[in-house]
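Have a look at the structure below before the remarks.
Since the model is a prediction, treat every value here as computed from it, not as a measurement.
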Amino acid sequence: MNLTEQELTKLNQIRLDQSWKAALSDFLLSPKMDHLRDFLLQEKSANKTIYPPSNLIFSALDTTPLNHVKVVIIGQDPYHGPNQANGLSFSVQRGIALPPSLRNIFHELHSDLDIPKSVHGDLSKWAEQGVLLLNSVLTVEAAQPTSHQKQGWEDFTDTVIDVLNQQRERVVFILWGAYAQRKGQRIDQDKHLVLKAAHPSPLAANRGGFFGCKVFSKTNHYLKQYGIEPIDWQLDA
C-alpha cells in the first residue's frame, strides 16, 4: 500500500503496536476513524472523564501483537468506575476490587482447571501469552456504561476480527453472551475454533450456560492439538 506523506504523518501520530498499525492502516486513515477521534476530543473538551486513560486505550493490541494472538476474548465496553479499566477486556488494575463478572470467570477457571482463584484482576499475564482481551468499544464515559457505543469503535474492532480471521489460522475465539456471539458471526469456523457460552455477569451466569462451559481447558486442548503452546491461565498470587 503506497501512502502519501500526509497519510504517513497521520499514521505516525497514532500510538499503536506496529503490526496492528500496518494491518489496520486502511481503517486508521478512514473517515470513520476521523469521526471517532473528533468524538473523543469533543468529550474531553467538555471536561468529561474518559476510561481507560488515553495511553491505555489500545492496550489489548499493544500487549498482544497480531502474530502473537492465540486466543481472543471479546468483551463489550470498558469498566466505567474509577481506576478500573486498563484497556483489556474483563481486566482491572491491581488493587481494585474484582468485578462480579471477573469473580465468576475465576470461579469457572478454578472449577475447570483447578487453578487457585487470583486475588487480583490484572489479566496482563494472559495478554502477554497471546490472549487478545478485546472490548468491542474501547472507551467509556465515567459512570455512564455503554456511553461510547455507535461512535465507530464497533467498526474498528470488527476490522480487528476480520484481520485475525483472514491473516491467522487456529485462533480460539471465546464468545461469552449474545453480544459477543453476534460480533463473532464473521469468524470462519473452518480455520478457527469458536467457543460460546453465557456471559459471566451474575444475572446471565446464574441462569445457566456459563458455569461448566470449560472454555479454558477446551482452548488449551485445541492449541496443543495443533502444536501451539497452551496458555498458562494461573495469575500471580
Open item on the list: Test: salt bridge (charged side-chain N to carboxylate O under 4.0 Å, His left out). Region: residues 218-227. Which pairs qualify, not counting sequence neighbours?
Closed with: none
TODO: Check for a donor-acceptor pair, side chain of Ser136 on one end and backbone N or O of Gln76 on the other, with a separation under 3.5 Å.
DONE: no
Open item on the list: When you measure from the side chain of Glu7 to the backbone of Thr4, do you find a donor-acceptor pair of N or O atoms at a distance under 3.5 Å?
Closed with: yes
Open item on the list: If you define the side chain from C-beta out and look only at heavy atoms, does anything of Leu132 sit under 4.5 Å from Val71?
Closed with: no
TODO: Spell out, as yes or no, whether a donor-acceptor pair under 3.5 Å connects the side chain of Thr64 to the backbone of Ala127.
DONE: yes
Open item on the list: My understanding is that only residues two or more places apart in sequence, or in another chain, count here; which of them pass ring pair (Phe, Tyr, Trp, His ring centres under 6.0 Å) with His192?
Closed with: Phe173
Open item on the list: For Gln225, I'd like to know if atom CD has over 12 heavy atoms of other residues, nucleotides or ligands within 6.0 Å.
Closed with: yes
- [ ] Look only at the side chain of Ser91 and the backbone of Leu88, and say whether a donor-acceptor pair between them is shorter than 3.5 Å.
- [x] no
TODO: Using modelled atom types only, decide if a donor and an acceptor are shared between the side chain of Lys70 and the backbone of Arg170 within a distance under 3.5 Å.
DONE: no
Task: Inter- and intrachain pairs under salt bridge (charged side-chain N to carboxylate O under 4.0 Å, His left out), touching residues 188-216, at least two apart - done: none
Open item on the list: Any side-chain to backbone donor/acceptor pair from Asn165 onto Ile161? Under 3.5 Å, distance only.
Closed with: no
Task: For Asp122, all residues meeting salt bridge (Lys or Arg N to Asp or Glu O under 4.0 Å), sequence neighbours excluded - done: Arg94
- [ ] Output, in order, the C-alpha distance, side-chain angles, deciding distance and verdict of salt bridge (Lys or Arg N to Asp or Glu O under 4.0 Å) for Lys32 and Asp26.
- [x] CA-CA 10 Å; Lys32 288 181 178 180; Asp26 283 348; over 6 Å; no
Task: Qualifying residues under salt bridge (Lys or Arg N to Asp or Glu O under 4.0 Å), relative to Arg186, sequence neighbours excluded - done: Asp158, Asp162
Task: Close side-chain approach of Phe210 to Val215, heavy-atom, < 4.5 Å - done: no
Task: Polar side-chain atom of Glu154 near backbone of Lys150 as donor-acceptor pair, under 3.5 Å - done: yes
TODO: Using the test salt bridge (Lys or Arg N to Asp or Glu O under 4.0 Å), find all partners of Arg182 that sit at least two apart in sequence or belong to another chain.
DONE: none
- [ ] Any chance you could measure Ser118, atom OG, to Leu109, atom CG, to the nearest 0.5 Å?
- [x] 9.5 Å
Task: Flag, side chain of Ser89 to backbone of Ile74, donor-acceptor distance under 3.5 Å - done: no
Task: Partners meeting ring pair (Phe, Tyr, Trp, His ring centres under 6.0 Å) with Phe90 (sequence neighbours left out) - done: Trp176, His199
- [ ] Please step through side-chain contact (heavy atoms from CB on, under 4.5 Å) for the pair Phe58 and Asp17, ending with a clear verdict.
- [x] CA-CA 8 Å; Phe58 290 124; Asp17 168 81; over 6 Å; no
Open item on the list: Would the distance check show the side chain of Ser59 and the main-chain N or O of Gly87 forming a donor-acceptor pair, the cut-off being under 3.5 Å?
Closed with: no
TODO: Give a yes or no on whether the backbone of Glu141 and the side-chain of Ser147 come within a donor-acceptor separation of less than 3.5 Å.
DONE: yes
TODO: Please list all pairs passing the ring pair (Phe, Tyr, Trp, His ring centres under 6.0 Å) test where one or both residues lie in residues 9-47, with sequence neighbours left out.
DONE: Phe27-Phe156, Phe39-His148
- [ ] Under the ring pair (Phe, Tyr, Trp, His ring centres under 6.0 Å) rule, collect the residues that match up with Phe211, sequence neighbours excluded.
- [x] His107
Task: Pair listing, salt bridge (charged side-chain N to carboxylate O under 4.0 Å, His left out) test, anchored in residues 98-115, at least two apart - done: none
Open item on the list: With heavy-atom distances below 4.5 Å as the criterion, would you say the side chains of Val92 and Pro99 are in contact?
Closed with: yes
Open item on the list: Holding to ring pair (Phe, Tyr, Trp, His ring centres under 6.0 Å), I want the full list of residues that pass it with His110, two or more places apart in sequence or in another chain.
Closed with: none
Open item on the list: Going by salt bridge (Lys or Arg N to Asp or Glu O under 4.0 Å), name the residues that satisfy it together with Lys125, two or more places apart in sequence or in a different chain.
Closed with: Asp232
